Amino acid sequence: MSFLNQVNLKQLEAIKSAQGPVIVVAGPGSGKTRVLTYRIAHLINIGVPAYQVLALTFTNKAANEMKERITKIVGEKSKHLWMGTFHSIFARLLRIECEKIGYGRNFSIYDTQDSVALIKSIMSSLGISTQQYNPQAVRSRISWAKNHLVAPEEYLEQATDFSEEKTGKIFIEYRKKLKQNNAMDFDDLLLKPIELLTGHKKILESYQDRFRFILIDEYQDTNRAQYVLIKLLADKYRNICVVGDDAQSIYAFRGADIRNILDFERDYPEVKIIRLEQNYRSTKTILSAADGLIKKNIDQIPKNLWTENDEGGKIILLECEDDADEGQSIVSSIYTESHRHKFQFKDFAIMYRTNAQSRSLEDALRKNSIPYTIIGGVEFYQRKEVKDILAYLRVLVNPNDDECFLRIVNFPSRGLGDVALQNLKKFAEAKSPNLLCAAGMAGDIGGVTPRARTSFNTLASLFKKYLKLKGEISISELARALVDEIGILHLLKEEGTPEAMSRWENVQELLSAITEFTDKTQEATLENFLQDVALVSSVDKWDDKFNAVTLMTLHSAKGLEFPVVFIAGLEEGLLPFYNSNIDRKDLEEERRLFYVGMTRAMKILFLSHARLRFRFGELSYQTPSQFLDEIDETLLDKVKHTRKSIPADAIGMKISSPRRKKIKSDSSYFSDEMPDYESSSANELQMGTIVEHDVFGRGKVLHVAGRGDSLKAVIDFNSVGRKNLMLKYAQLKIV
DNA sequence: ATTAGGCGATTTTTT
DNA sequence: ATCGCCTAAT
């Protein structure tokens with residue numbers, strides 16, 4: 001067991017305490033992933049069958065990486081290990097068992113957008129104004145209630161004001177509709193297993209016997225429902241190991257509950273507590289600045305973090321004029337550091353509080369031809385055209401899904417409006433199990449125009465045809481045929497605008513994604529594809545092999561590390577974020593969020609703030625974040641940056657003392673002249689060039705045509721074959 | 001009855 | 001960028 005030589009004593013203890021409950025309090029960079037990986041490998045090595053191990057991680061990406069490492073140590077024995085996020089693991093379990101609680105195995109999974117759409121339609125049928133009551137707010141209240149295991153009736157009973165009462169009524173209807181649509185929202189993926197296990201003793205026992213060893217990563221971010229679920233499963237054998245750090249708890253807004261750590265000690269009094277306090281990631285400077293900051297929080301478990309790493313350089317604070325200037329100054333620093341220390345682009349990460357901040361940063365990176373990737377933001381699978389095509393597929397899988405049906409009933413336009421749909425709904429309520437079925441009986445619906453009648457019938461027979469085809473051809477063929485038949489690509493091409501072309505590309509990309517899934521998945525069913533799509537997180541999709549600067553929110557940064565980290569927008573109102581009064585607890589969560597960001601940095605940490613920034617559509621004056629005052633001054637170097645149109649030396653850079661000389665001597669520190677990085681724009685594409693596409697992977701250029709914005713190339717991709725791409729939209733990298 | 005097009009408001013963080 | 005809401009046109 002040579003791998004056990006590579007850990008310190010505390011880590012070893014955490015790895016080897018196989019029996020009984022264990023809490024590992026793991027500071028940032030303390031080798032927590034290593035502990036989890038080795039712990040599982042150790043379990044398997046001492047003879048525990050892998051199928052008896054259940055490991056819950058925060059992202060699927062982390063799960064896959066850990067699983068790979070485990071397989072390297074123990075080999076094929078790891079095959080039947082269940083490892084993944086709470087949501088994907090329990091979705092998998094529900095696919096097997098959900099019939100026992102009255103759901104069909106083909107149930108749909110609703111994302112937040114789907115839930116809001118359903119809530120909107122419920123509100124309008126209950127005659128509740130969506131102006132007066134924000135459907136998003138209603139959704140988050142309902143979600144809060146579900147995460148805290150409050151049933152709709154109970155919620156309604158406890159309502160203290162008019163608006164809560166309304167929410168309660170919507171909640172009751174919402175639950176009913178979900179069931180009727182054979183659909184579950186994200187919260188249901190945790191609640192329904194609880195319902196299943198508490199209601200069926202035999203099933204509970206079989207899963208308790210199956211999952212004898214349970215591990216949970218990022219335990220500080222689990223909510224009440226997750227806690228109850230795990231308590232049920234672990235109750236018999238009590239071999240449960242949770243790993244977390246209260247200082248990194250940043251998901252209270254979605255129900256993460258600090259009580260889970262405290263109650264753990266109450267529920268398992270025999271618990272063994274192990275602290276991992278040695279940091280292997282960051283420099284002494286970064287660790288000590290972060291540690292000093294987090295000590296301002298009242299709510300915390302005291303820790304004694306330390307590192308044997310180098311002192312490292314000071315933390316650099318870039319003081320900027322506005323958001324564009326902030327971007328420019330970060331880009332300049334990337335340039336300087338990458339030359340000074342031979343960093344690659346992928347060694348840099350830029351983090352921020354809100355997704356909206358990415359725009360000005362992207363502008364600066366693009367202007368200087370620095371390749372970048374964004375984690376999160378407006379996601380591919382959230383794009384309207386993509387969701388529309390997916391909605392067709394979802395109805396094929398689950399014809400009871402009225403919400404999805406409504407999404408596409410008039411897409412592409414079939415001349416069906418509000419009135420026709422009201423009639424259809426009314427008819428369906430009395431005479432049909434779902435809207436699709438009702439559309440097939442259009443002849444019997446009263447008050448509908450002949451045009452609408454025809455449209456309903458055509459749509460119904462389209463689905464009839466593909467429902468039959470579904471069992472006969474592969475899902476990639478099915479999707480392609482369906483997309484052809486509804487003619488969406490054709491329509492977009494005809495439209496011809498840049499927006500339409502980008503939509504056209506997205507539809508193509510979706511088809512390619514389905515093809516790729518078909519090729520590399522053993523059980524390539526539509527059900528499985530849709531489930532994957534519903535449950536991938538933005539971090540899961542991130543390709544860390546790609547040599548590019550990574551942009552992401554501080555929330556997405558959890559669990560990651562980079563040699564150089566920039567945290568942008570350290571301004572009051574933004575970080576800490578507030579729009580109205582925030583209380584101490586909220587402020588402390590913001591502080592933890594900043595702490596998470598700081599502790600992602602291995603070698604160099606940059607912070608930045610701007611004096612002026614566009615917020616909510618107007619230019620506003622920003623004051624530096626109070627958190628900056630909480631960082632030990634001796635660890636900080638302030639660097640003023642001004643508008644790039646003014647040469648830096650003309651106005652005199654103000655740089656606080658000890659580092660001044662060093663920076664001044666480096667004349668290129670604020671240089672606006674960027675070196676010629678290999679441009680990511682495709683102007684120099686020639687036949688035979690090997691390029692890389694975000695989705696299609698590597699390919700060879702066969703032909704180039706057009707000029708300017710309409711420059712196109714035929715590329716033979718290794719994975720998906722020939723594609724004709726508009727270079728303006730296809731982000732190609734020359735390899 | 002339905003659709004297209006214009007306009008304004010909206011963005012905290014996410015499975 | 002997307003959504004809801006308005007108006008004018010069909």
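All chains are named by letter (A, B, ...) in the order of the sequence lines, taking the proteins before the strands, and each is independently numbered beginning at 1. Here the structure is a predicted model, which means the values were calculated and not measured.
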Nucleotide dT13(B), atom P - distance to CZ of Phe577(A) in whole Å: 8 Å
Within the structure, does a side-chain N or O atom of Lys384(A) lie under 4.0 Å from either OP1 or OP2 of dC3(C)? no
Decide ring-ring contact (aromatic ring centres under 6.0 Å, His included) for His555(A) and Tyr352(A); before the verdict, give the C-alpha distance in whole Å, the side-chain angles of both, and the deciding distance to 0.1 Å. CA-CA 9 Å; His555(A) 282 91; Tyr352(A) 35 79; over 10 Å; no
So what does Ser88(A) hit on the nucleic acid, given a heavy-atom distance under 4.0 Å: a base, only sugar-phosphate, or nothing? nothing
On the nucleotide dT14(B), are OP1 or OP2 found under 4.0 Å from the side-chain N or O atoms that Thr553(A) carries? yes
Let me know the distance between NE2 of His555(A) and C1' of dT12(B), rounded to the nearest Å. 8 Å
From CD of Gln531(A) across to C1' of dT15(B) the rounded distance in Å is 13 Å
With sugar-phosphate meaning primed atoms plus P, OP1 and OP2, does Arg359(A) contact a base, only sugar-phosphate, or nothing at under 4.0 Å between heavy atoms? nothing
Between dT11(B), dT15(B), dG4(C), which nucleotide has the shortest distance from any of its atoms to the side chain of Lys120(A)? dG4(C)
Can Glu589(A) and Lys585(A) be counted as an ion pair, charged N to O under 4.0 angstrom? no
Base, sugar-phosphate alone, or nothing: which one does Phe58(A) contact when heavy atoms must sit under 4.0 Å apart? nothing
Would you classify Ser413(A) as touching base, sugar-phosphate or nothing, given that sugar-phosphate means primed atoms plus P, OP1 and OP2, and contacts are heavy atoms under 4.0 Å? sugar-phosphate
Rounding to an integer number of Å, can you tell me how far Asp418(A) CG sits from dC5(C) C1'? 13 Å
CD of Gln357(A) versus C1' of dT13(B): gap in Å, rounded? 11 Å
State yes or no: are the ring centers of Phe58(A) and Tyr219(A) separated by less than 6.0 Å? no
May I ask you to test the Leu93(A)-Tyr207(A) pair for a side-chain heavy-atom distance under 4.5 Å? yes
From the candidates dT2(C), dT15(B), dT14(B), the one with an atom nearest any side-chain atom of Ser556(A) is dT14(B)
Categorize Lys558(A) for me: base, sugar-phosphate, or nothing, with a 4.0 angstrom heavy-atom threshold over every strand shown. nothing
Starting from P on dA4(B), measure out to CD on Glu494(A) and report it in whole angstrom. 13 Å
Check the distance between dA1(B)'s P and Gln422(A)'s CD and give it to me in whole angstrom. 12 Å
From the options dT14(B), dT13(B), dT2(C), select the nucleotide whose nearest atom is closest to the side chain of Arg353(A). dT13(B)
In terms of side-chain heavy atoms of Arg383(A), which of dC3(C), dT2(C), dT12(B) is nearest? dT2(C)
Aromatic-base stack, Tyr251(A) on dT14(B), cutoff 5.5 Å, angle under 30: no
Among dT11(B), dT15(B), dT13(B), which is the nearest nucleotide to the side chain of Arg254(A)? dT15(B)
Nearest-nucleotide check on DNA chain B, Asn134(A) vs Thr85(A); residue mapping nearer the 5' end is Asn134(A)
At 4.0 Å (heavy atoms only), tell me whether Leu189(A) reaches a base, stays on the sugar-phosphate, or touches nothing. nothing
Regarding Asn410(A), tell me which of base, sugar-phosphate or nothing describes its non-hydrogen contacts under 4.0 Å with the strands shown. sugar-phosphate
Would you check if there is a donor-acceptor pair between the side chains of Asn147(A) and Arg224(A) at a distance under 3.5 Å? no
Whichever of Leu421(A) and Glu590(A) has its nearest DNA chain B nucleotide further upstream toward 5': Leu421(A)
Do Thr354(A) and Gln357(A) have a side chain donor and acceptor closer than 3.5 Å? yes
Does Ser455(A) make a side-chain N or O approach to OP1 or OP2 of dT2(B) shorter than 4.0 Å? no
Pick base, sugar-phosphate or nothing for Thr112(A), based on heavy-atom distances below 4.0 Å to the nucleic acid. base
Sugar-phosphate, base or nothing in reach of Thr354(A), heavy atoms under 4.0 Å: sugar-phosphate
For Leu94(A) and dT15(B), what is the distance between atoms CG and P respectively, to the nearest whole Å? 19 Å
Taking the inter-plane angle between the rings of Trp82(A) and Phe211(A) on a 0 to 90° scale, is it parallel (under 30°), tilted (30 to 60°) or perpendicular (over 60°)? tilted
Can you see if the side chain of Asn355(A) gets near the phosphate of dT14(B) - specifically, an N or O under 4.0 Å from OP1 or OP2? yes
Hey, does Ala420(A) reach any base, or is it just sugar-phosphate, or nothing, if we go heavy atoms under 4.0 Å? sugar-phosphate
